[in-house]
Number of protein chains: 2
Amino acid sequence: MGRPKQFDPDAVVGKAMDVFWRKGYAATTPQDLVDELGIGKGSLYHAFGSKHALFERALERYRDTQAAALVELLDQPGPVLPLLRSALELLIETDLGESGRRGCLAVNTATELGGRDDASTELVRRMFERTEGAFKAAVERGQRTGEFAPDRDPAAVASLLLAALVGMRVIARAQGGRERLCRVADAALAML
Amino acid sequence: MGRPKQFDPDAVVGKAMDVFWRKGYAATTPQDLVDELGIGKGSLYHAFGSKHALFERALERYRDTQAAALVELLDQPGPVLPLLRSALELLIETDLGESGRRGCLAVNTATELGGRDDASTELVRRMFERTEGAFKAAVERGQRTGEFAPDRDPAAVASLLLAALVGMRVIARAQGGRERLCRVADAALAML
DNA sequence: TTCTTTCTTTACCTGAAGGTACAAAATTTG
DNA sequence: CAAATTTTGTACCTTCAGGTAAAGAAAGAA
């Protein structure tokens, strides 16, 4: 009932995710959103309420697409080491690729809003936790199949892998070259 | 000649560093600076020219104090492993301590301005490079003295240590607990 | 067809970001 | 002392962030 929306809210949230990912939260203005989402300011605020609410939707979308994709990749069956390698390579290529060193939205949000925006901080914290969990499961699997030495604490290794991944994406934003990023990935895999 | 300044510019830059460190670049307003630096807006702009110029001074100060302190710590003589351990522990305590999870100004700047502000990006890139160099030198030293296995590539290990350190500080901003941060540090040291 | 509901457009609003202008104040030089 | 120079405080300015209001448009309900 009532006039139907002239845009697809899901698609708009996806575009908003891209904008926030590229520019950050504070640096994204309502005008940026109007320009890049292709809908009027009225519709924007009518549909989403506020810039912050839209940002939360975008961050949830990031979790459900990007972060989830990484977890799914790690959960695949088969030898674990190639999985880890392709995960890290995927991120390196993403960071160096077309879309231009925007890094990771969760990481960017952690440093921009961490401790100052509870909802966003909590979303990011859980994404980190989930990713770490996937790493831990992968390491445990690798130990069971004899692929990795069984004497390392999987939780500790997983924490290190998460930190290395996060650090890699920050370094990518600071103009870190491919060699440097690959060195991080190689060293991380070599320690297993 | 002329009227003398009523404040110490160096001290003001130090305070500005704290403010930017705590709030980030965009989220720091001229009014915040006036309030927290204790000087008038006229003096502020007269002495430093612009918010951005002051930020660059603050970032250089960060490099010359915080980043330099880490490098100096790593360059100390004696067994390398305890040095690395105390470096990581120092950062963990800093991140969890009084000043409140502000993380690392270089990391925060990388994710906020990386690729969008050339001067800042370059400053951060060089800080990362310098820190990685200090890690590499430490690892090489540890290998020469037989403290570490000699078969690992020091550059690769150093890259991983830098990434882990950076990642740790991001995770700290996302409410990562002490256990998690210590797990990262332990795992990083265990791989040597 | 009119009523109701929801969406869209356009106009508008308030506050503050980021900075400039200028006169007054404090110093050194002649 | 007057002149020249630099700093300071206050007032002011322009733009835009972030959002609201109101009127019209497009649908279904009665």
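Chain letters run A, B, ... following the sequence lines, proteins first and then strands; every chain starts at 1.
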May I have the distance from [X] (atom [atom1]) to [N] (atom [atom2]), rounded to whole angstrom?
{"X": "Lys51(A)", "N": "dG18(D)", "atom1": "NZ", "atom2": "C1'", "answer": "8 Å"}
{"X": "Ile39(B)", "N": "dT7(D)", "atom1": "CD1", "atom2": "C1'", "answer": "11 Å"}
{"X": "Phe48(B)", "N": "dT7(D)", "atom1": "CZ", "atom2": "P", "answer": "11 Å"}

Q: Give the angle between the helix axes at the two ends of the helix from dT1(C)-dA30(D) to dG30(C)-dC1(D), taking five base pairs at each end and rounding to 10°.
A: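 The value is 10°.
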Q. Mind checking whether Phe20(B) and Phe55(B) have parallel, tilted or perpendicular rings, split at 30° and 60°?
A.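 Correct class here is perpendicular.
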Q.
Return the CZ to CG distance between Arg125(B) and Asp118(B), rounded to the nearest 0.5 Å.
A.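 CG of Asp118(B) is found 11.5 Å from CZ of Arg125(B).
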Q) At what distance, to the nearest 0.5 angstrom, does CG of Leu160(B) lie from CE of Met191(A)? A)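 It comes to 6.5 Å.
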Q | Nucleotide interval of DNA chain C bounded by contacts with chain A (heavy-atom cut-off, under 4.0 Å) | A |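 Nucleotide range with atoms under 4.0 Å of chain A: dT5(C) to dT9(C).
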Q. Going by distance alone, is a donor N or O of one side chain under 3.5 Å from an acceptor N or O of the other, for Thr111(A) and Glu112(B)?
A.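 No donor-acceptor contact under 3.5 Å links the two side chains.
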Do [X] and [Y] make a side-chain contact, defined as non-hydrogen atoms from C-beta onward lying under 4.5 Å apart?
{"X": "Lys23(A)", "Y": "Thr29(A)", "value": "no"}
{"X": "Arg130(B)", "Y": "Met127(B)", "value": "no"}
{"X": "Val107(B)", "Y": "Arg173(B)", "value": "no"}
{"X": "Leu161(B)", "Y": "Leu165(B)", "value": "no"}

Q: Could you pick out which residue, Gly40(A) or Gln31(B), lies toward the 5' side of DNA chain C when each is mapped onto its nearest nucleotide?
A: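 The residue mapped nearer the 5' terminus is Gly40(A).
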Q | Single hit among Arg102(A), Arg178(A), Arg169(A) for side-chain hydrogen bond (donor to acceptor under 3.5 Å, both in side chains) with Asp95(A) | A |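 Going through the options one by one, the only one that passes is Arg169(A).
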Q | Stepwise side-chain contact (heavy atoms from CB on, under 4.5 Å) check, Leu192(B) with Leu84(B) | A | CA-CA 11 Å; Leu192(B) 296 166; Leu84(B) 289 172; 3.6 Å; yes
Q. Backbone N or O of Lys15(B) within a donor-acceptor pair of the Asp18(B) side chain at under 3.5 Å?
A.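 Not a single qualifying donor-acceptor pair exists.
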Q: State whether Ser43(B) places a side-chain N or O below 4.0 Å from either non-bridging phosphate oxygen (OP1 or OP2) of dT7(D).
A: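 No, because none of the side-chain N or O atoms of Ser43(B) sits under 4.0 Å from OP1 or OP2 of dT7(D).
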Name every donor-acceptor pair, under 3.5 Å, that has one atom in a side chain of residues 62-80 of chain A and the other anywhere in the protein, sequence neighbours excluded.
| unit_1 | atom_1 | unit_2 | atom_2 | d |
| --- | --- | --- | --- | --- |
| Tyr62(A) | OH | Leu105(A) | N | 3.4 |
| Thr65(A) | OG1 | Arg61(A) | O | 2.8 |

Got a list of protein N/O to nucleotides 20-28 of chain D N/O distances below 3.5 Å?
| unit_1 | atom_1 | unit_2 | atom_2 | d |
| --- | --- | --- | --- | --- |
| dA25(D) | N3 | Arg3(A) | NH1 | 3.4 |

Under 3.5 Å, N/O pairs linking protein and nucleotides 13-15 of chain D:
none

Q.
Checking Glu56(B) now: which residues fulfil salt bridge (Lys or Arg N to Asp or Glu O under 4.0 Å) with it, not counting sequence neighbours?
A.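 For Glu56(B) there are no salt bridge (Lys or Arg N to Asp or Glu O under 4.0 Å) partners, ignoring immediate neighbours.
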